[in-house]
Participant: 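Quick one: the structure is below, questions incoming.
If you're wondering where the values come from, they're calculated on a predicted model, not measured in any experiment. Side chains are part of it too, since the values below use all heavy atoms of this structure and drop only hydrogens, waters and symmetry mates. Residue numbers run from 1 in the order of the sequence given.
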Amino acid sequence: MHWFRQENQLYEHRDERGTVQVVDRDGRRELRFGNTIIQSAMSLASPDVLALDYNRAMLAGFLFAPQARRVLQ
């Protein structure tokens, strides 16, 4: 029921390619591309902690190659 959540829109830009939005919501800053689907997010209280599960999963490969100089995902 995300319609009850308070959000503060910080930035919006529209052009022929679509819409980019940056909003603060539920203690996070989110990047969205013209809809409610979150592309990326960060915690405002702990900006060095990954806020989304898929970001943590993407970086899990570094557990197996912590000295990697290049990464292709």
Participant: If you round to the nearest 0.5 Å, how far is CG of Leu10 from CG of Leu31?
Facilitator: 11.5 Å
Participant: Would you mind reporting whether Phe33 and Val20 have side-chain heavy atoms less than 4.5 Å apart?
Facilitator: yes
Participant: Going by salt bridge (Lys or Arg N to Asp or Glu O under 4.0 Å), name the residues that satisfy it together with Asp48, two or more places apart in sequence or in a different chain.
Facilitator: none
Participant: Minimum heavy-atom separation for Ala68 and Phe62, please, with both atom names.
Facilitator: CB-CE2, 4.2 Å
Participant: Tell me the salt bridge (charged side-chain N to carboxylate O under 4.0 Å, His left out) pairs involving residues 51-70, sequence neighbours left out?
Facilitator: Asp53-Arg56
Participant: Could you tell me which residues satisfy side-chain contact (heavy atoms from CB on, under 4.5 Å) with Gln9, sequence neighbours excluded, listed by chain and number?
Facilitator: Glu12, Gln21, Val23
Participant: With sequence neighbours left out, what residues match Ala41 under side-chain contact (heavy atoms from CB on, under 4.5 Å)?
Facilitator: Arg28, Glu30, Ile38, Ala51, Leu52
Participant: How about Phe64: does its CZ atom have over 12 heavy atoms from other parts shown lying under 6.0 Å from it?
Facilitator: no
Participant: I'd like to check the side-chain hydrogen bond (donor to acceptor under 3.5 Å, both in side chains) partners of Asn55; sequence neighbours left out, ordered by chain and number.
Facilitator: none
Participant: Atom CG of residue position Leu63 - does it have more than 12 heavy atoms of other residues, nucleotides or ligands inside 6.0 Å?
Facilitator: yes
Participant: Working to the nearest 0.5 angstrom, can you tell me the gap between Arg25 CZ and Arg32 CZ?
Facilitator: 6.0 Å
